[in-house]
Structures are given as C-alpha cells and as structure tokens.
Amino acid sequence: MEQIFFQDVYAVVRLIPQGRVTSYGAIAKYLGAKGSARMVGWAMNSAHSLPDVPAHRVVNSAGLLTGKGHFGSPTLMQELLEAEGITIKKDKVQDFKTIFWNPIEELEL
DNA sequence: ATGGTGACGTCGG
DNA sequence: GCCGACGCCACCA
C-alpha cells in the first residue's frame with residue numbers, strides 16, 4: 001500500500017509556503033494526472049491524518065474553499081488562511097492568482 | 001472483479 | 001455570462 005499518489009500530493013502540499021495557495025489541478029498536473037484533479041482532492045480526504053499537510057492551502061482553480069466543509073468547522077479553513085495573511089471573501093481567495101503557488105514552476109525551476 | 005464515489009476541471013449550449 | 005453534463009483515475013464496499 002504505497003499509495004504513491006497520496007505521498008506525492010502530501011509532498012507537494014507540504015511544500016506550499018505559508019501565505020500561498022495552490023489548486024488541485026496544478027498538483028494533479030504536477031503529478032501527471034492532469035486530467036484527474038479529483039484524485040488530488042480525494043487524496044486530501046486522507047490527508048486529514050497528516051498534520052503536516054495544510055489542506056487549507058489547497059483550493060480549486062477558482063480559488064474557492066470548496067473543501068472547507070471537511071475541516072473541523074466550515075469556517076476553520078478560512079480562519080487558517082486568514083491567519084497566513086491571505087484575504088478571504090465569501091469563501092473565495094482574494095488575489096488568488098497573486099498568491100497562487102505553482103509547484104510545476106517552483107519545483108521544476 | 002465490478003460498481004459507486006469524490007475537497008475538480010473543462011467543454012458545450 | 002451563466003448553468004448543466006461529462007470525463008478523469010484511484011480507493012472502498
């Protein structure tokens with residue numbers, strides 16, 4: 001049960017700098033599963049067991065906190081992001097493209 | 001082994 | 001510009 005995908009997703013998410021966010025699609029693409037962003041999100045479901053995996057820094061391509069409902073509280077994700085210096089409005093990341101952290105460019109660079 | 005599901009993404013109307 | 005449907009691949013029952 002190596003669960004390679006999980007390991008990879010965790011590794012990337014764990015590398016996300018504080019105050020930055022990334023999208024499922026970006027991670028999926030970095031993993032090579034470009035067409036299956038769902039896998040990334042699903043992997044996050046298991047990430048609950050990992051304290052080093054800031055799932056709250058991972059949002060969808062629109063910058064919406066789609067997974068907020070899976071945290072302890074529906075507002076927990078927003079609270080965590082705001083604590084990182086990220087501005088959240090209506091469950092959406094402001095300046096998403098500005099704080100967006102692209103693993104492909106950052107890691108491959 | 002098969003079916004169903006999922007914290008998404010993209011295309012079409 | 002907004003809404004709906006399909007597709008993707010891995011895990012669980």
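Per chain, numbering begins at 1; letters A, B, ... match sequence-line order.
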Exercise. If only side-chain N and O atoms of A:S23 are considered, is one of them under 4.0 Å from the OP1 or OP2 phosphate oxygen of B:dC8?
Worked result: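 Checking A:S23 against B:dC8: no side-chain N or O falls below 4.0 Å of OP1 or OP2.
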For this session: Check whether any side-chain N or O of A:S61 sits under 4.0 Å from OP1 or OP2 of B:dG9, and answer yes or no.
Result: yes
Problem set entry | Sugar-phosphate only, base, or nothing, as touched by A:A28 at under 4.0 Å among non-hydrogen atoms | nothing
For this session: Identify whether any heavy atom of A:N60 sits under 4.0 Å from a base atom; if not, whether one sits that close to sugar-phosphate; answer base, sugar-phosphate or nothing.
Result: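 Answer is sugar-phosphate: A:N60 comes under 4.0 Å of backbone atoms only.
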Would you mind reading off the distance between [X] atom [atom1] and [N] atom [atom2], rounded to a whole angstrom?
{"X": "A:M44", "N": "C:dC9", "atom1": "CE", "atom2": "P", "result": "20 Å"}
{"X": "A:K29", "N": "B:dT10", "atom1": "NZ", "atom2": "P", "result": "9 Å"}
{"X": "A:H70", "N": "B:dT5", "atom1": "NE2", "atom2": "P", "result": "15 Å"}
{"X": "A:R57", "N": "B:dA7", "atom1": "CZ", "atom2": "P", "result": "22 Å"}
{"X": "A:K92", "N": "B:dC8", "atom1": "NZ", "atom2": "C1'", "result": "16 Å"}
{"X": "A:Y10", "N": "C:dA10", "atom1": "OH", "atom2": "P", "result": "15 Å"}
{"X": "A:I27", "N": "C:dC9", "atom1": "CD1", "atom2": "P", "result": "18 Å"}
{"X": "A:Q7", "N": "C:dC11", "atom1": "CD", "atom2": "C1'", "result": "15 Å"}

Problem set entry | Non-hydrogen side-chain atoms of A:Y24 and A:M44 separated by less than 4.5 Å | yes
Exercise. Ignoring hydrogens and angles, are the base of B:dA7 and the side chain of A:H48 linked by a donor-acceptor pair under 3.5 Å?
Worked result: yes
Exercise. Is any N or O donor-acceptor pair between the side chain of A:R38 and the base of B:dG9 shorter than 3.5 Å?
Worked result: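 Donor-acceptor pair under 3.5 Å: no.
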Exercise. Are the aromatic rings of A:W42 and A:F6 close, with centres under 6.0 Å apart?
Worked result: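 Yes.
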For this session: State whether the side chain of A:T22 and the backbone N or O of A:W101 hold a donor-acceptor pair below 3.5 Å, judged by distance alone.
Result: yes
Exercise. If only atom types and distance count, is the side chain of A:H48 paired as donor or acceptor with the main-chain N or O of A:H70 below 3.5 Å?
Worked result: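 Yes; at least one donor-acceptor contact below 3.5 Å.
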Exercise. Do other residues, nucleotides or ligands put more than 12 heavy atoms under 6.0 Å from A:K29 NZ?
Worked result: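 No, because the 6.0 Å sphere around NZ of A:K29 holds 12 heavy atoms or fewer from other groups.
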